[in-house]
Chemist: 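The structure under discussion is supplied below as C-alpha coordinates; questions concerning it will follow.
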Amino acid sequence: MALAKRIGAKVTVLTVLPPFRTLTTDTQMIEDTPAQYETRMQEHADRTLGAVAAAAQGAGVECETVQVEHEYPYQTIIATAGSKGCNLIVMASHGRHGISAIVLGGETIKALTHCKIPVLVHR
(Lines give C-alpha, C1' and ligand atoms only; values in the text may rest on other atoms or scores of the structure.)
Protein backbone atom coordinates (compact mmCIF):
# COMPACT_ATOMS: atom_id res chain seq x y z
CA MET A 1 0.00 0.00 0.00
CA ALA A 2 2.87 2.34 0.77
CA LEU A 3 4.25 1.88 -2.75
CA ALA A 4 0.83 2.39 -4.35
CA LYS A 5 0.21 5.50 -2.26
CA ARG A 6 3.63 6.93 -3.07
CA ILE A 7 3.20 6.56 -6.83
CA GLY A 8 -0.57 7.23 -6.93
CA ALA A 9 -1.45 3.76 -8.20
CA LYS A 10 -4.67 1.82 -8.00
CA VAL A 11 -4.36 -1.64 -6.42
CA THR A 12 -6.06 -4.79 -7.66
CA VAL A 13 -5.92 -7.49 -5.00
CA LEU A 14 -6.43 -11.07 -6.12
CA THR A 15 -6.98 -14.27 -4.22
CA VAL A 16 -7.06 -17.55 -6.10
CA LEU A 17 -8.89 -20.42 -4.45
CA PRO A 18 -8.05 -23.98 -5.46
CA PRO A 19 -11.06 -26.04 -6.56
CA PHE A 20 -12.24 -28.91 -4.37
CA ARG A 21 -10.60 -32.23 -5.21
CA THR A 22 -11.37 -35.66 -3.83
CA LEU A 23 -7.80 -36.88 -4.45
CA THR A 24 -5.46 -34.53 -2.62
CA THR A 25 -2.76 -34.30 0.01
CA ASP A 26 -4.39 -31.21 1.57
CA THR A 27 -5.62 -32.58 4.90
CA GLN A 28 -8.25 -29.86 5.32
CA MET A 29 -9.69 -30.66 1.89
CA ILE A 30 -9.78 -34.38 2.74
CA GLU A 31 -11.76 -33.68 5.91
CA ASP A 32 -14.28 -31.34 4.25
CA THR A 33 -17.32 -32.09 2.16
CA PRO A 34 -17.46 -30.01 -1.02
CA ALA A 35 -19.96 -27.64 0.65
CA GLN A 36 -17.83 -27.29 3.80
CA TYR A 37 -14.73 -26.64 1.69
CA GLU A 38 -16.50 -23.98 -0.35
CA THR A 39 -17.76 -22.24 2.81
CA ARG A 40 -14.35 -22.39 4.49
CA MET A 41 -12.53 -21.08 1.44
CA GLN A 42 -15.08 -18.29 0.90
CA GLU A 43 -14.71 -17.19 4.53
CA HIS A 44 -10.92 -17.18 4.15
CA ALA A 45 -11.12 -15.15 0.93
CA ASP A 46 -13.56 -12.68 2.50
CA ARG A 47 -11.27 -12.16 5.51
CA THR A 48 -8.16 -11.77 3.36
CA LEU A 49 -9.69 -9.42 0.80
CA GLY A 50 -11.51 -7.47 3.50
CA ALA A 51 -8.31 -6.88 5.45
CA VAL A 52 -6.47 -5.65 2.37
CA ALA A 53 -9.37 -3.44 1.29
CA ALA A 54 -9.45 -1.91 4.78
CA ALA A 55 -5.69 -1.28 4.65
CA ALA A 56 -6.07 0.37 1.24
CA GLN A 57 -8.91 2.55 2.49
CA GLY A 58 -6.84 3.54 5.52
CA ALA A 59 -3.94 4.50 3.24
CA GLY A 60 -6.19 6.38 0.84
CA VAL A 61 -5.44 3.98 -2.04
CA GLU A 62 -8.07 2.97 -4.59
CA CYS A 63 -8.49 -0.80 -4.36
CA GLU A 64 -10.40 -3.44 -6.30
CA THR A 65 -10.70 -6.97 -4.91
CA VAL A 66 -10.97 -10.04 -7.12
CA GLN A 67 -11.61 -13.65 -6.17
CA VAL A 68 -11.21 -16.51 -8.64
CA GLU A 69 -11.32 -20.28 -8.31
CA HIS A 70 -8.65 -21.89 -10.47
CA GLU A 71 -6.30 -24.86 -10.39
CA TYR A 72 -3.22 -22.80 -11.30
CA PRO A 73 -2.87 -19.51 -9.39
CA TYR A 74 -0.02 -18.15 -11.50
CA GLN A 75 -2.16 -18.39 -14.66
CA THR A 76 -4.96 -16.51 -12.94
CA ILE A 77 -2.56 -13.87 -11.65
CA ILE A 78 -1.20 -13.24 -15.14
CA ALA A 79 -4.64 -13.30 -16.80
CA THR A 80 -6.18 -10.98 -14.21
CA ALA A 81 -3.29 -8.53 -14.43
CA GLY A 82 -3.70 -8.47 -18.20
CA SER A 83 -7.48 -8.06 -18.17
CA LYS A 84 -7.33 -5.31 -15.52
CA GLY A 85 -4.61 -3.39 -17.36
CA CYS A 86 -2.09 -3.74 -14.54
CA ASN A 87 1.42 -2.53 -15.31
CA LEU A 88 3.08 -4.19 -12.30
CA ILE A 89 2.45 -7.38 -10.34
CA VAL A 90 3.62 -7.40 -6.73
CA MET A 91 4.02 -10.81 -5.12
CA ALA A 92 5.41 -12.20 -1.89
CA SER A 93 8.58 -14.28 -1.94
CA HIS A 94 7.01 -17.18 -0.05
CA GLY A 95 4.92 -19.99 -1.47
CA ARG A 96 3.42 -23.23 -0.38
CA HIS A 97 4.26 -25.68 -3.15
CA GLY A 98 7.17 -28.08 -3.26
CA ILE A 99 10.90 -27.57 -3.04
CA SER A 100 10.83 -24.39 -5.15
CA ALA A 101 9.02 -22.73 -2.25
CA ILE A 102 12.33 -22.66 -0.40
CA VAL A 103 13.84 -20.28 -2.97
CA LEU A 104 11.01 -17.85 -3.73
CA GLY A 105 7.65 -19.55 -3.95
CA GLY A 106 6.18 -21.85 -6.53
CA GLU A 107 3.58 -19.43 -7.87
CA THR A 108 5.97 -16.48 -7.74
CA ILE A 109 8.55 -18.37 -9.80
CA LYS A 110 5.91 -19.38 -12.34
CA ALA A 111 4.62 -15.82 -12.63
CA LEU A 112 8.17 -14.51 -13.09
CA THR A 113 8.83 -17.13 -15.75
CA HIS A 114 5.61 -16.79 -17.76
CA CYS A 115 4.54 -13.17 -17.38
CA LYS A 116 5.32 -10.29 -19.73
CA ILE A 117 4.15 -7.74 -17.14
CA PRO A 118 6.92 -6.75 -14.69
CA VAL A 119 6.79 -8.65 -11.38
CA LEU A 120 8.09 -7.10 -8.18
CA VAL A 121 8.90 -9.72 -5.56
CA HIS A 122 8.54 -8.47 -1.99
CA ARG A 123 10.20 -10.29 0.85
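All of these numbers come straight from a predicted model, not from anything done at the bench. Atoms considered below: every heavy atom in the structure, side chains included; atoms not considered: hydrogens, waters and symmetry mates. Count residues from 1 along the sequence.
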Chemist: Do Leu3 and Leu120 make a side-chain contact, defined as non-hydrogen atoms from C-beta onward lying under 4.5 Å apart?
Modeler: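 Counting from C-beta outward, Leu3 and Leu120 do come under 4.5 Å.
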
Chemist: To the closest 0.5 Å, what do you measure between NE2 (His70) and CD1 (Ile77)?
Modeler: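 Rounded to the nearest 0.5 Å, the NE2-CD1 separation comes out at 11.0 Å.
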
Chemist: Determine, for Arg40 against Glu43, whether the closest basic-nitrogen to carboxylate-oxygen distance falls under 4.0 angstrom.
Modeler: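 Answer for the salt bridge query: no.
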
Chemist: Report whether Val11 and Val66 are members of the same hydrophobic cluster (ILVMFWY, side-chain heavy atoms less than 4.5 Å apart, transitive linking).
Modeler: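 They do not share one cluster, since no chain of ILVMFWY contacts under 4.5 Å joins Val11 to Val66.
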
Chemist: Can you name the nearest heavy-atom pair linking Thr15 to Ala45, along with the distance?
Modeler: CG2-CB, 3.9 Å

Chemist: Identify the two heavy atoms, one from Pro18 and one from Met41, that lie closest to each other, and give their separation to 0.1 Å.
Modeler: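 Pro18 and Met41 have their closest heavy atoms at CD-CE, 3.8 Å.
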
Chemist: Side chains of Ile89 and Cys115: does their closest heavy-atom pair fall under 4.5 Å?
Modeler: yes

Chemist: Counting N and O atoms only, with roles assigned by atom type, does the side chain of Glu69 sit under 3.5 Å from a partner on the main chain of Pro19, one being a donor and the other an acceptor?
Modeler: no

Chemist: With rounding to the nearest 0.5 Å, note down the distance linking CE in Met91 to CD1 in Ile109.
Modeler: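 Output value for this atom pair is 10.0 Å.
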
Chemist: Which residue is it: Val52, Val68, Thr65? I am looking for the one with a side-chain contact (heavy atoms from CB on, under 4.5 Å) to Leu14.
Modeler: Val68

Chemist: What distance separates His114 NE2 from Tyr72 OH, expressed to the nearest 0.5 Å?
Modeler: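 Answer for the NE2-OH pair, His114 versus Tyr72, is 11.5 Å.
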
Chemist: Does any non-hydrogen side-chain atom of Val13 lie less than 4.5 Å from one of Leu49?
Modeler: yes

Chemist: Can you find a pair of side-chain heavy atoms, one from Gln67 and one from Leu17, that are under 4.5 Å apart?
Modeler: yes

